[in-house]
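Below, each value reflects all heavy atoms present in this structure, side chains not excepted, and no hydrogens, waters or symmetry copies. Each chain gets a letter, A, B and so on, in the order the sequences are listed, and its residues count up from 1. Values in this document were obtained by computation on a predicted structure and should not be read as measured data.
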There are 2 protein chains.
Amino acid sequence: MKGKRDSTGFLIKQRAFLKLYLLTSIEKEPWYGLQLLDELKASFKPYGFVPQHSEVYRALHDLTEDGILSRKKVKENGSKYKEVAVYSIADKEEAKAYKKLVKADLDRCEQLLRKALKDNFS
Amino acid sequence: MKGKRDSTGFLIKQRAFLKLYLLTSIEKEPWYGLQLLDELKASFKPYGFVPQHSEVYRALHDLTEDGILSRKKVKENGSKYKEVAVYSIADKEEAKAYKKLVKADLDRCEQLLRKALKDNFS
DNA sequence: TGATGAACAGACTGTTCATCT
DNA sequence: AGATGAACAGTCTGTTCATCA
């Protein structure tokens, strides 16, 4: 994974958080960037979190560099003739392994937040 | 509060998180910086989070600038004659209000993490 | 050495700009 | 306008440096 750490000790980074969601979506079926972004924006809006397009692209690029995703330019034969970058899972094992890592970090973060709520409000 | 935001949409910032703990500790009794740091380090070690001294100082400075804490240089008459910066609550109402704000953000973050665990692992 | 604080540097992310269809 | 990507800029935080008792 190129020595990049997703966690620096405190809470999980947005990048890793998005990667997790991207993998889960793409596992179900291939998507392209802005499509995924719209889905994420809608999903998180109630929580006051609005991911930006560049961060989603960076997450997709990272996952591709790591060989977890593969990217294919596809000519959309719909109403418009336009190329989009469609992503699909390239390495299911790696994807699974990465998600497992993130899950561990999410669990840790949840415990940390719970602790803070308990320590400061009870 | 000088227009500074503690939350930028994703998860709570370390600074705000530490401020919360600092206020709770200082509410009980006045402390000085490194003393608080040691307490925090011990408390979070099991969670893989190791706060650094500069971040704690910055948090204390912020709270002082905002008028929530007051700082007093105290000559320690113990084994060593040395000055430490002891903090105490300057404005109980403001402290309470700030903690309330942070609590709301912590709750939001916890929901976001729960959602992520649910959306991606079930 | 313990304590405080500032300065510096790097990581992360939001905003803007550029390109192409 | 929709889609992608790069470049730039600002914020947050970790490391280092400086000072003082």
Side-chain angles (χ1 to χ4, degrees), chain A residues 1-19 21-22 30-41 44 48-65 69 71-87 105, chain B residues 2-19 22 30-41 44 48-65 69 71-87 105:
Chain A
M1 211 70 77
K2 292 203 174 175
K4 286 183 195 168
R5 296 188 60 196
D6 278 315
S7 163
T8 55
F10 185 49
L11 297 179
I12 191 171
K13 296 287 183 290
Q14 183 185 163
R15 183 82 51 92
F17 187 90
L18 291 179
K19 284 183 190 176
Y21 268 90
L22 294 170
W31 297 83
Y32 67 93
L34 281 202
Q35 204 175 14
L36 290 157
L37 177 66
D38 288 343
E39 204 187 36
L40 293 171
K41 276 189 174 171
F44 298 132
F49 170 43
V50 182
Q52 300 300 311
H53 81 274
S54 29
E55 192 57 23
V56 168
Y57 284 127
R58 282 187 284 243
L60 289 169
H61 298 337
D62 279 6
L63 289 169
T64 305
E65 281 182 33
L69 290 183
R71 200 190 88 127
K72 194 164 55 172
K73 281 270 186 181
V74 171
K75 289 195 178 17
E76 255 194 337
N77 284 23
S79 47
K80 309 157 194 169
Y81 286 76
K82 165 178 264 181
E83 271 196 343
V84 293
V86 173
Y87 290 86
D105 207 23
Chain B
K2 291 202 172 174
K4 286 183 194 169
R5 296 189 60 197
D6 278 315
S7 163
T8 57
F10 185 49
L11 296 179
I12 191 171
K13 295 287 183 291
Q14 184 185 161
R15 183 82 50 93
F17 187 89
L18 291 179
K19 285 184 189 175
L22 294 171
W31 297 84
Y32 68 92
L34 280 203
Q35 204 173 13
L36 290 156
L37 177 65
D38 288 343
E39 203 187 37
L40 293 170
K41 276 189 175 173
F44 298 133
F49 170 43
V50 182
Q52 301 300 310
H53 80 276
S54 27
E55 193 58 21
V56 169
Y57 284 127
R58 281 188 285 244
L60 289 170
H61 298 338
D62 280 5
L63 288 168
T64 306
E65 281 183 34
L69 289 183
R71 200 189 87 126
K72 194 164 53 171
K73 281 269 185 181
V74 171
K75 289 199 181 13
E76 254 193 337
N77 283 21
S79 48
K80 310 158 194 170
Y81 285 76
K82 163 178 264 179
E83 270 196 344
V84 293
V86 172
Y87 291 86
D105 206 23

What is the distance from CZ of A:R58 to C1' of C:dT15, rounded to the nearest Å?
10 Å
Ignoring the backbone of A:K13, work out which of C:dT15, C:dT13, D:dT4 is nearest its side chain.
C:dT13
Over how many whole Å does the gap from A:E55 atom CD to D:dT4 atom P extend?
16 Å
Nearest 0.5 Å, what's the CG-CG distance between B:L40 and B:L22?
6.0 Å
Euclidean distance, atom CZ of residue A:F10 to atom P of C:dC12 [Å, nearest integer]
15 Å
I want to confirm an ordering. Mapping A:Q14 and A:H53 to their closest nucleotides on DNA chain C, which one lands closer to the 5' end?
A:Q14
When rounded to whole Å, the CD to C1' distance for the pair A:E83 and C:dT21 reads 9 Å
B:H61 side chain, from C-beta outward: closest of C:dA6, C:dA3, D:dG14
C:dA6
Respond yes when some side-chain nitrogen or oxygen of A:Y32 is under 4.0 Å from OP1 or OP2 of D:dT4, and no when none is.
no
Mind checking A:F17 for me? I need base, sugar-phosphate or nothing, with any heavy atom below 4.0 Å counting as a touch.
nothing
On the 0 to 90° scale, with breaks at 30° and 60°, tag the B:Y57-B:H61 ring pair as parallel, tilted or perpendicular.
parallel
Atom-pair distance (OH on B:Y57; P on D:dT19), nearest Å
17 Å
Rounded to whole Å, CG of A:L37 lies from P of D:dA3 at a distance of 10 Å
Can you identify which nucleotide, out of D:dA3, C:dA3, D:dG14, has its nearest atom closest to the B:S54 side chain?
D:dG14
Which nucleotide in the list C:dC12, D:dT4, C:dT4 gets nearest to the side chain of B:A85?
C:dT4
So which nucleotide from D:dT13, C:dT13, D:dT4 ends up closest to the side chain of A:R15?
C:dT13
Distance, nearest 0.5 Å, that separates CD of A:Q52 from NZ of A:K41:
5.5 Å
Rounded to the nearest angstrom, tell me the gap between atom CD in B:Q35 and atom P in C:dT1.
20 Å
For B:E39, side chain to side chain donor-acceptor pair (under 3.5 Å) partners two or more places apart:
B:S25
What is the separation between atom CG on A:L69 and atom P on D:dT4, rounded to the nearest whole Å?
14 Å
Ring pair (Phe, Tyr, Trp, His ring centres under 6.0 Å) partners for B:F44, two or more places apart:
B:F17, B:Y21, B:F49
